[in-house]
Every structure is written in structure tokens, then in C-alpha cells.
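What follows is a single structure, written as C-alpha cells, with notes after it.
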There are 2 protein chains.
Amino acid sequence: MRIGELAERAGTTTRTLRYYESRGLLPARRGENGYRTYDEHDLRLLRQIRTLQDFGFDLEETRPFVECLRAGHPEGDSCPASLAVYRRKLGELDTLIEELRSVRAQVAGQLLRAEQARDELAAESRVPGGPEPECELGGQTW
Amino acid sequence: MRIGELAERAGTTTRTLRYYESRGLLPARRGENGYRTYDEHDLRLLRQIRTLQDFGFDLEETRPFVECLRAGHPEGDSCPASLAVYRRKLGELDTLIEELRSVRAQVAGQLLRAEQARDELAAESRVPGGPEPECELGGQTW
DNA sequence: GTTTGCCTTGACGTCGGCGTCAAGGACTAC
DNA sequence: GTAGTCCTTGACGCCGACGTCAAGGCAAAC
């Protein structure tokens, strides 16, 4: 199988495969004509990489999984180094999710506060002085 | 106030301020000597930018807030364009958090499965055939 | 034989938000 | 005057995972 077919079967591009090879992650044998040659096992490795990439793993983080498969283990995560990556990733995800939840809460709070300030201003101007509730920005009047 | 002082008071760098200026976000007046000159209002604008950046807003997303302040409004989010950014950001955060939670669940599932497979293999080899539970990868024996 | 389609390597571009260096001007302190 | 500290513009570097060209080779179909 040549590079184009492998790329297509894995749902990626030839550029990506050459990039992986340049990183030493997915080396290829060469045919007489210099073309890269791959087999089903390479497809397996590639799919492992892609799956982890889809999960947001850095390319380097997929290396233990690939090496594990290449060492003949049944799964990419059949080796302790892969499990260590899983665990580290879980920790990173937990931290990140917590941070995002915190940011979300703060933004929601700001939005609420800003909307209330806006409404109070609107109510105020409707009653005592006289109406003057315009904002020149944003293309719309409140 | 010159650029160095402003940077220090806002906890950032002169490079950052020049960058903001190059993006048209925080233009500066110039003194006779060509030095950039800022006042307290600029510090206000800058702090608004930094706060939003810390929340993970893109630089461009801070523009409505800055323009709102510059238009004389009491807060950066006193304008509808700013509120729109808040709301869009909330949506993005929700989406992102959900994606990360999904990934987290999948990774946790994979880890669990891999650990079980490992333990079953270990138990298997302790009973019938003979012990052969070594993995050459990862530098440790299970 | 020539067109078509795949392949090769090499190298520059992308995106955001700056960091970092270089060469030189402005101003203050001594 | 000169040392030191600030300022100026310009320009390249960085990071990751490729995208996108360019120039050319190999092979099969017409």
C-alpha cells in the first residue's frame, strides 16, 4: 500500500503521514522506486495515533502507544507507559475543565451584572428625568 | 505616563502594549520626543483587555469592550456588542466543556479497560501455564 | 509519445500573542 | 562628556500540526 491509499483509508492526508515519519513516529519502508510502502499494521498504528489526536493528545503523547503496538502488544495501551499517559491526561483534563467552569461562572456573572445595570438604567430614565436611553454602539437601540 | 510605567502598572510588558497599538486596540498619543504617552483612562482600557484575556478571550473579542469604554460608557460591558460577546463566549465555553467531559469519560473508560486487561492477564499467568508477566517497555515490571 | 496521476524532496506559509534582539535616539544624573 | 536608563522602529523567532506550493521522477493508459 502506498502513501495515498493509507492516508485515504485512515481519513487523513499524505502530508500528515510524511510529517509523522519526519517525527519518527511512523517510519515507512521503501519500494524499488523510492515510494513509501505500508501494510495493515501501519494502518493500525496510524489509527491509534489519530484516535488519540482526536482526543486532544499531543503527537508526542501518542508515541508510547505506537511503540507498544510495534513491540507486539495487542493494544496500544497494553503497556505501562501508555497508562501513565492516560492518567496524566485525565489529570490535565480535570484541571482544564475546572478552570473553564470557573471562567464560565465568572463570565455568566459579568453578563448578569451588566444586564441588570442596563435594565436599571432603562427603568430609571423612563421615570424621573426623561427618556434618553440610547447607545450609539452596536447598531441597535436598547 | 510612558509605556514602561503603564506596562508595569498593568502587570504586562511594553512589547504587549506596542502589539495592542499595532492592532489598533490601544493607540497612544505622542510627546514631543516621539515617546508614547498614556493616561489613567488608558490604564482602564488596558486592564479591561487583560481581564478578558485572562478569561481566554481572543484579542479581537476584547475590542467591543474597549470601544465601549472609549465611547464614555461606565463599563466595558455597558454596550450590547459586549454583551453579545459574553453570550457567544458562554456558548463556546459550554460546548468546549461538554467536549472535554466527553473526552474525559472516554479516556477514563480506556484506562479502566486497559487496567482490567492487564490484571486479567496477570491473574491468568499466575495460575495455569507459568508466570511470564513481563513487559519490556516502560522500565517497570507489572 | 504523451498525457494523467501518483509519487518524491524541499521549503515556505499559517495562526496568536507576543519574546527577543539590534541599532540608534532622548533624557537624566554625575 | 559620558554613563545609564528609558524610548523608538524593524524584524526575526516561537510553538504544533500540518497546508500549500514547486520542480521533478515513475508508471500505466491512451
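Values below: all heavy atoms of this structure, side chains included; hydrogens, waters and symmetry mates excluded.
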Other residues, nucleotides, ligands: >12 heavy atoms within 6.0 Å of B:Arg101 CZ: no
A:Arg18 CZ to D:dC18 P, straight-line distance once rounded to whole Å: 14 Å
Interatomic distance where CD belongs to B:Glu60 and P belongs to C:dG17 [whole Å]: 8 Å
Separation of D:dA17 C1' from A:Glu21 CD (nearest whole Å): 16 Å
Heavy-atom donor-acceptor pair, A:Glu98 side chain to A:Thr95 backbone, under 3.5 Å: no
Between D:dC18 (P) and A:Leu25 (CG): distance, integer Å: 11 Å
Nearest-angstrom distance from the residue atom CD1 of A:Ile3 to P of C:dC6: 13 Å
Pairing residues for A:Asp54 by the salt bridge (charged side-chain N to carboxylate O under 4.0 Å, His left out) criterion, not counting sequence neighbours: none
Whole angstrom value for the distance that separates P of D:dC7 from CE of B:Met1: 12 Å
Cationic tip of A:Lys89 above A:Phe55 ring, under 6.0 Å, 45° of axis: no
Protein proximity profile, nucleotides 18-30 of chain C - base contact B, sugar-phosphate-only contact S, no contact -, cut-off 4.0 Å on heavy atoms: BBB----BBS---
Spacing between A:Asp58 atom CG and D:dC18 atom P, to the nearest angstrom: 11 Å
